[in-house]
Amino acid sequence: MKKIQSITCIEQDCECYEKLARKLSSLQIHSDSILGSFPEALDVKSKFDLIFSFNVLEHIEDDNEAFIKCYNLLSPGGVMFTFVPAFQCLYGSMDRKLKHYRRYNKKKIIKKATVAGFCIDKARYCNFIGFWGWYFNNRVLKIESQKSNKVVFFDKILLPLQSKIEKYIEPYIGQNLYIAARKPK
């Protein structure tokens, strides 16, 4: 396994950017923090071995262009790992408040990645329990923000248990979806 030699992070929220810059300055490797939007903030001449996006693509209006730009930013053999909200049927009040353009399914995200030129290593749903909670809160109750006590309960009690189960049993639905896509060598 290759050792990480440098890391580049992008954040568009000023407050979060300042926290990110402080965290990165404590690393023992070369790091850059960029205030801006992904992937526009990256120099097209840069080449990366890994692009990791966590809850980002759903905020980008033209996600097809984002996939293409990511493909062009990767070195041959490089990987794009993306974590996104899943299932458009869950789209509701919190998605609107969070300024999501969409939620994904495996077929949709695989097609977007392959059209951009990627080979798919893995695509998987996760957070089976979260699927039902998100549906109830967004589609039935139509709440616009999560209560911190419910988030803490889910993160500390349900998520660790669910993660152990999902390690062995892949859910057929989930609140989220991740994909690992590789640029051919």
Side-chain angles (χ1 to χ4, degrees), residues 1-12 32 34 36-92 94-95 98-135 138 158-185:
M1 179 178 267
K2 283 203 280 188
K3 184 180 178 199
I4 296 173
Q5 296 174 349
S6 68
I7 186 170
T8 302
C9 297
I10 302 168
E11 176 57 57
Q12 68 180 15
D32 291 315
I34 300 169
S37 296
F38 175 82
E40 298 84 12
L42 291 172
D43 180 0
V44 76
K45 294 177 184 133
S46 299
K47 290 294 177 197
F48 299 93
D49 295 322
L50 172 68
I51 293 175
F52 177 87
S53 71
F54 189 86
N55 289 327
V56 173
L57 288 177
E58 66 274 13
H59 296 278
I60 299 173
E61 189 170 7
D62 187 354
D63 61 341
N64 293 317
E65 186 62 34
F67 272 101
I68 292 167
K69 183 146 188 189
C70 288
Y71 182 88
N72 292 331
L73 287 165
L74 283 169
S75 301
V79 173
M80 178 180 178
F81 182 91
T82 302
F83 184 91
V84 293
F87 290 101
Q88 192 64 25
C89 66
L90 295 180
Y91 190 93
M94 279 200 287
D95 290 288
L98 294 168
K99 298 180 182 164
H100 292 175
Y101 284 100
R102 74 200 64 77
R103 297 179 74 88
Y104 293 85
N105 62 43
K106 279 187 196 179
K107 185 177 178 181
K108 182 191 241 182
I109 203 164
I110 287 170
K111 182 174 183 181
K112 288 175 179 284
T114 54
V115 165
F118 286 102
C119 299
I120 308 305
D121 288 343
K122 187 165 192 113
R124 184 176 176 162
Y125 292 115
C126 56
N127 197 353
F128 178 82
I129 296 169
F131 177 95
W132 303 105
W134 195 268
Y135 180 84
N138 283 276
L158 295 178
L159 189 59
L161 176 62
Q162 175 179 256
S163 295
K164 287 178 183 172
I165 294 168
E166 288 184 5
K167 185 176 179 181
Y168 300 103
I169 302 170
E170 183 174 342
Y172 60 94
I173 59 172
Q175 180 183 351
N176 303 99
L177 163 65
Y178 65 85
I179 183 172
R182 184 174 306 279
K183 182 176 182 175
K185 287 190 176 186

For Asp63, what residues pass the salt bridge (charged side-chain N to carboxylate O under 4.0 Å, His left out) criterion, not counting sequence neighbours? Arg102, Lys112

Heavy-atom pair of closest approach, residues Pro184 and Gly117: CD-O, 3.6 Å

Results of side chain to side chain donor-acceptor pair (under 3.5 Å) for Lys183 - residues two or more places apart only: none

With Asp32 via salt bridge (charged side-chain N to carboxylate O under 4.0 Å, His left out) - residues at least two apart: none

Going through the checks in order, is the side-chain contact (heavy atoms from CB on, under 4.5 Å) test met by Asp62 and Tyr101? CA-CA 9 Å; Asp62 187 354; Tyr101 284 100; over 6 Å; no

Under 3.5 Å side-chain donor-acceptor pair for Gln88 and Asn105: no

Taking atom CD1 of Ile68 and atom CZ of Phe118, what is their separation to the nearest 0.5 Å? 10.0 Å

For Ile7, all residues meeting side-chain contact (heavy atoms from CB on, under 4.5 Å), sequence neighbours excluded: Cys9, Leu24, Leu27, Ile29, Ser31

Of Glu11, His59, Gln12, which is the lone residue that meets side-chain contact (heavy atoms from CB on, under 4.5 Å) with Ser37? Gln12

For Lys106, which residues count as a side chain to side chain donor-acceptor pair (under 3.5 Å) partner, sequence neighbours excluded? Glu170

Indicate the atoms forming the closest heavy-atom contact of Ile179 with Ala113, along with that distance. CD1-CB, 4.2 Å

Table please: side-chain donor-acceptor pairs of residues 79-87 below 3.5 Å, with sequence neighbours left out.
{"from": "Thr82", "atom 1": "OG1", "to": "Ser53", "atom 2": "OG", "distance (Å)": "3.4"}

Under 3.5 Å, side chain of Glu166 to main-chain N/O of Pro171, donor-acceptor pair present? no

One should read off an interatomic distance between Ile109 CD1 and Leu57 CG, to the nearest 0.5 angstrom, of 6.0 Å

Please check if the side chain of Asn138 supplies one atom and the backbone of Met94 the other of a donor-acceptor pair under 3.5 Å. yes

Over all heavy atoms of both residues, which pair between Ile129 and Gln162 is shortest? Give the atoms and the distance, please. N-OE1, 2.7 Å

Taking the side chain as everything from C-beta on, heavy atoms only, tell me whether Tyr71 gets closer than 4.5 Å to Val115. no

Nearest 0.5 angstrom please: Leu177 CG to Ile110 CD1, how far? 8.0 Å

What distance do Asn127 atom CG and Gln175 atom CD have between them, rounded to the nearest 0.5 Å? 4.5 Å

Kindly determine whether Ile173 and Phe128 satisfy side-chain contact (heavy atoms from CB on, under 4.5 Å), including the steps that lead there. CA-CA 6 Å; Ile173 59 172; Phe128 178 82; 3.7 Å; yes

What is the distance from atom NZ of Lys69 to atom CZ of Phe38, rounded to the nearest 0.5 Å? 9.0 Å

State the NZ-CG distance between Lys47 and Leu73, to the nearest 0.5 angstrom. 6.5 Å

Contact summary for Phe48 and Thr8, nearest pair of heavy atoms: CE2-OG1, 3.7 Å

Relative to each other, are the rings of Phe54 and Phe52 parallel, tilted or perpendicular (30° and 60° limits)? parallel

